[in-house]
Undergrad: 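Could you have a look at this structure, given as C-alpha cells, before my questions?
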Amino acid sequence: MIEASEIIVQKAASSRLSQVTLKNVPFGKYFTDHMLEADYENGEWKAVEIKPYAPLQLDPATAALHYGQAIFEGIKAYKDINGSIAIFRPFENFRRFNVSAERMQMPAVPEEIFIEGMRALINLDQAWIPDQEDHSLYIRPFMIATDDVIGVKPSEKYKFLIILSPTGPYYDKPMRIYVEENYTRAAPGGIGFAKAAANYGASMLPTAKAKELGYDQVLWTDAFEHRYVQEIGTMNVFFVIGDTAYTPDLSQGTILDGITRDSVITVLGDMGLSVVEREISIDEIVAAYAEGQLKEVFGTGTAAVISSIRELRYKDYVMEFDVSKWTIAPEVKSRLAAIRNGSANDEHGWLYRIS
Ligand code: COI
C-alpha cells in the first residue's frame with residue numbers, strides 16, 4: 001500500500017503563476033505548476049509522483065483513446081476569509097470516483113493516493129487559489145486505461161492523474177435550457193450514474209443543436225418516453241413548485257449522484273423547505289408553470305455551483321422566469337458560499353482543511 005509519505009515530489013524550476021491573471025479567470029483554461037501522476041500495473045499502484053505540469057506521452061494504441069475507459073471527478077478548493085484552505089467534501093468525490101471505476105472495470109484508487117495526493121498537490125500550488133468571490137481552485141482527478149493493445153477488453157495498466165485549474169464561474173449568467181426529447185443521455189443499466197468521459201462526449205451533438213437554437217444546455221429526459229426529466233448538461237436540476245423543492249431521484253441509475261445536489265438538499269432542509277426526490281414529468285413542470293406555481297428552476301454542480309435558469313423550452317412551449325425576484329436559489333448559493341469562505345459555521349463538516 002502507498003503511504004502519503006511515499007509521494008515523490010519533483011518541483012518545477014519556476015512558477016508560471018505570474019503569466020495568469022486570477023481575477024475573472026475563465027473555467028478550465030489555465031493549470032497550476034504541478035500535477036500528480038500514479039501508474040497501476042501488475043495489479044497494484046506503483047510510485048505516486050507530484051511533478052511539473054507537462055504533456056503526457058501516450059502510445060497511439062492507448063486503450064482509453066479507443067474505447068473510452070476513462071473516468072474523472074470535479075472538486076473545488078477554496079481560500080477562506082482568513083486565508084486558510086479547504087477542499088469541499090472530497091471524500092464524497094473519492095467514493096463516487098471508485099463507483100465509476102467499478103462500473104468501467106477499472107481498479108479502485110486508494111484514499112492515500114486520491115485524498116492525500118490531492119492535499120499535497122494543493123499545498124504545493126496553493127498560491128494559485130483565487131480568493132475572489134465565486135472563484136476557486138478546480139481539482140480534476142481522472143483515470144485512463146493505458147494498455148497499448150486495441151483488443152476490446154479491460155486494460156491491465158492505468159494512469160491516475162490530478163490536475164488543478166484556478167477558475168471563475170462556469171456559467172456567468174442565468175441560463176436558457178432546451179428540454180431534449182430526441183437524444184438520450186442514459187438508460188437504466190447504462191453508465192448515467194458514473195462520471196465517465198463517454199457520458200460527456202455523447203452530450204456534445206445534442207448540446208450543439210440546442211446552442212444553434214440559442215440555448216445554453218439541454219435538460220435530458222428519460223430514454224423510454226422522453227417524459228421524465230433527468231439532469232442538465234453539466235448539472236443536476238431543482239424545481240421549486242409552491243413551497244416545495246423537487247429534484248429527480250437517483251433510483252434508475254441514470255442520473256449523476258451530485259455532491260452539490262446532495263449539499264443543496266441539505267441546505268434547503270436547513271432553510272425549512274421540504275425537498276422531494278422522485279420521478280418528475282415534464283408535463284407536471286409545464287402544468288405548474290401554467291398555474292403560476294413553478295417559482296424557480298436551477299442547476300447544481302461542482303463547476304456550475306448554483307445556476308439560475310431563466311428560460312426552459314419544451315417543444316414550442318417557452319417558460320420564462322424573472323430571476324431577479326427569486327429568493328430560494330440565491331439563498332442556497334449564499335449559504336454554501338458562507339460555509340466555504342468561513343463566514344458561517346461548517347455545521348455539516350463539509351470542509352476538509354488542508355492548512
Ligand atoms: C463538474 O461540475 O465538476 C463537472 O465535472 C461538470 C463538467 C465541468 C464536466
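Atoms within each ligand, like the ligands themselves, are counted from 1 in listed order. Atoms considered below: every heavy atom in the structure, side chains included; atoms not considered: hydrogens, waters and symmetry mates. Since the model is a prediction, treat every value here as computed from it, not as a measurement. In this chain, numbering begins with 1 at the start of the sequence shown.
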Undergrad: Could you give all pairs that pass the side-chain hydrogen bond (donor to acceptor under 3.5 Å, both in side chains) test and reach residues 58-69, with sequence neighbours left out?
TA: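 Non-adjacent pairs meeting side-chain hydrogen bond (donor to acceptor under 3.5 Å, both in side chains): Q69-Y158.
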Undergrad: May I have all residue pairs that pass side-chain hydrogen bond (donor to acceptor under 3.5 Å, both in side chains) and include part of residues 284-301, sequence neighbours excluded?
TA: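 Checked against side-chain hydrogen bond (donor to acceptor under 3.5 Å, both in side chains) - neighbours excluded - the pairs reaching residues 284-301 are R278-E284.
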Undergrad: Check whether the side chains of Q217 and Y171 place a donor and an acceptor atom closer than 3.5 Å, and report yes or no.
TA: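 Result is yes, a qualifying pair exists.
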Undergrad: What are the polar N/O contacts of ligand 1 with the protein below 3.5 Å, with distances?
TA:
from: ligand 1; atom 1: 2 (O); to: T302; atom 2: N; distance (Å): 3.4
from: ligand 1; atom 1: 2 (O); to: A303; atom 2: N; distance (Å): 2.8
from: ligand 1; atom 1: 3 (O); to: Y138; atom 2: OH; distance (Å): 2.6
from: ligand 1; atom 1: 5 (O); to: Y138; atom 2: OH; distance (Å): 3.3
from: ligand 1; atom 1: 5 (O); to: K195; atom 2: NZ; distance (Å): 2.9

Undergrad: Does a donor on one side chain sit under 3.5 Å from an acceptor on the other, for N82 and S84?
TA: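 No.
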Undergrad: Does any donor atom in the side chain of Y183 or K209 lie under 3.5 Å from an acceptor atom in the other side chain?
TA: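 Y183 vs K209: donor-acceptor pair found between side chains.
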Undergrad: Which pairs with one or both residues in residues 133-142 pass salt bridge (Lys or Arg N to Asp or Glu O under 4.0 Å), sequence neighbours excluded?
TA: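 Qualifying pairs, neighbours excluded: D134-K333.
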